[in-house]
Engineer: 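One structure, as structure tokens, below. Some questions next.
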Amino acid sequence: MADTEKKQEELPDREKIREQLTLLKPRAQRAAAMVFRIASSGVNDLKADKETAGKLKKSGELIVWLELIAFIIYLFDRVASSRMKDSRHIYMDLLMNSVISTFPEEVDKYGKKDLRSEPGWEQDVVGTVSARSLQYFSLEQEVCGGTGSVESLPPEGLFWEFGGIIAHQMGAPEDKAVTEIVSLRARSGLNEILRELGPGPEESAS
């Protein structure tokens, strides 16, 4: 009798999950397309600026593009944590699945050919994004001057620090031109993410 009751209780939960998947999948696919578009825009911003174009060419566009991909995904997760609450994890899983499904075609544009033929590349991408997310979270707490809970939105200083990460990877640490261009693009990306995911609970109540 207990087993029967337990199964009956699980049915609504399974149905709820199926409904969430149906609703969130197209949103996650749209978000994945945004991730690639914002990251490519960041690379193009650096290419278009005379002060940074040469440094980008020397370091390679791929390394910058990959870092931007990871950071934009981190921003999506940060915003989703306050905007989506219980459905956040399902949404982020769907987003990562959508990123992985089109990643080989997108990375091909930056010179990485035939990625699908390399065994384990999916795990490598997911692992890299996860590792970077932990680093960005730690950096965010440093910017805030402590540890513990974080605000619903990343602090302004995080974007400047992220620009510094890109500058360092480009072999131009402390380069203000690189840092400013990247930080502006990241802030712009956050604004797009906020529009995509909608207002938070505190904003809806006001």
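Fair warning: this is a prediction, and the values are worked out from it, not measured in the lab.
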Engineer: Does Arg14 form a salt bridge (charged side-chain N to carboxylate O under 4.0 Å, His left out) with Glu19? I'd like the steps, not just the answer.
Structural biologist: CA-CA 9 Å; Arg14 292 177 182 174; Glu19 289 176 0; over 6 Å; no

Engineer: Would you confirm whether Ser40, through its side chain, and Arg37, through its main-chain N or O, come within 3.5 Å as a donor-acceptor pair?
Structural biologist: no

Engineer: How long is the gap from CG on Leu153 to CG on Leu194, to the nearest 0.5 Å?
Structural biologist: 5.5 Å

Engineer: To the nearest 0.5 angstrom, please state how far the CD atom of Gln135 sits from the OG atom of Ser130.
Structural biologist: 11.0 Å

Engineer: Are the charged groups of Arg116 and Glu105 less than 4.0 angstrom apart, N to O?
Structural biologist: yes

Engineer: Is any side-chain heavy atom of Leu68 less than 4.5 Å from a side-chain heavy atom of Val43?
Structural biologist: yes

Engineer: Identify the two heavy atoms, one from Ala53 and one from Lys47, that lie closest to each other, and give their separation to 0.1 Å.
Structural biologist: CB-O, 3.3 Å

Engineer: Do Ile73 and Asp77 have side chains that get closer than 4.5 Å, going by heavy atoms?
Structural biologist: no

Engineer: Is the closest side-chain heavy-atom distance between Arg132 and Phe71 below 4.5 Å?
Structural biologist: no

Engineer: Are side-chain heavy atoms of Arg185 and Glu180 found at a separation under 4.5 Å?
Structural biologist: no

Engineer: Got a donor-acceptor contact below 3.5 angstrom from the Asp175 side chain to the Val178 backbone?
Structural biologist: yes

Engineer: One pair to check against salt bridge (charged side-chain N to carboxylate O under 4.0 Å, His left out): Arg187 and Glu156. What are the steps and the verdict?
Structural biologist: CA-CA 8 Å; Arg187 286 190 188 94; Glu156 279 294 310; 2.6 Å; yes

Engineer: Can you tell if the side chain of Leu158 reaches within under 4.5 Å of the side chain of Leu139, non-hydrogen atoms only?
Structural biologist: yes

Engineer: Would you mind reporting whether Arg78 and Arg83 have side-chain heavy atoms less than 4.5 Å apart?
Structural biologist: no

Engineer: Can we say Lys112 and Glu118 salt-bridge, meaning some charged N sits less than 4.0 Å from an Asp/Glu carboxylate O?
Structural biologist: yes

Engineer: If you round to the nearest 0.5 Å, how far is OG1 of Thr52 from CG of Leu46?
Structural biologist: 4.5 Å

Engineer: Nearest heavy-atom pair of Leu197 and Phe76: which atoms, and what distance?
Structural biologist: CD1-O, 4.1 Å

Engineer: Are the aromatic rings of Phe103 and Trp65 close, with centres under 6.0 Å apart?
Structural biologist: yes

Engineer: Side-chain donor-acceptor pairs under 3.5 Å in residues 159-171, sequence neighbours left out?
Structural biologist:
residue : atom : partner : partner atom : Å
Gln169  : NE2  : Glu67   : OE1          : 2.6

Engineer: List the steps and the verdict of side-chain hydrogen bond (donor to acceptor under 3.5 Å, both in side chains) for Glu140 and Tyr74.
Structural biologist: CA-CA 11 Å; Glu140 183 173 340; Tyr74 174 75; 2.6 Å; yes

Engineer: Ser98 and Ala32: which non-hydrogen atoms are nearest, and at how many Å?
Structural biologist: CB-CB, 3.5 Å

Engineer: What's the separation between atom CD1 in Ile181 and atom CG in Asn44, rounded to the nearest 0.5 Å?
Structural biologist: 11.5 Å

Engineer: Which heavy atom in Pro104 sits nearest to a heavy atom in Ile100, and how many Å separate them?
Structural biologist: CD-O, 3.5 Å

Engineer: Is the number of heavy atoms from other residues, nucleotides or ligands under 6.0 Å of Lys113 NZ greater than 12?
Structural biologist: yes

Engineer: Is there side-chain contact between Leu66 and Val125, with at least one heavy-atom pair below 4.5 Å?
Structural biologist: no

Engineer: Mark yes when over 12 heavy atoms from residues, nucleotides or ligands other than Glu51 sit less than 6.0 Å from its CD; otherwise mark no.
Structural biologist: no

Engineer: Counting only heavy atoms not in Lys55, do more than 12 sit closer than 6.0 Å to its NZ atom?
Structural biologist: yes

Engineer: Is it the case that over 12 heavy atoms from other parts of the model lie below 6.0 angstrom from the CG atom of Asn191?
Structural biologist: yes

Engineer: Distance from Arg88 atom CZ to Ile90 atom CD1, nearest 0.5 Å?
Structural biologist: 12.5 Å

Engineer: Taking all atoms of both residues into account, what is the closest heavy-atom pair of Pro155 and Val143, and its distance?
Structural biologist: CG-CG1, 3.9 Å

Engineer: Spell out, yes or no, whether Met84 and Leu23 are grouped together once hydrophobic residues are joined by side-chain heavy atoms under 4.5 Å, including indirect joins.
Structural biologist: no

Engineer: Taking all non-hydrogen atoms of both residues into account, name the closest pair between Ala31 and Leu95 and its distance.
Structural biologist: CB-CD1, 3.6 Å

Engineer: Which distance, rounded to the nearest 0.5 Å, do you find between the CD of Glu196 and the CE of Met34?
Structural biologist: 5.5 Å

Engineer: With heavy-atom distances below 4.5 Å as the criterion, would you say the side chains of Ile72 and Ile193 are in contact?
Structural biologist: yes

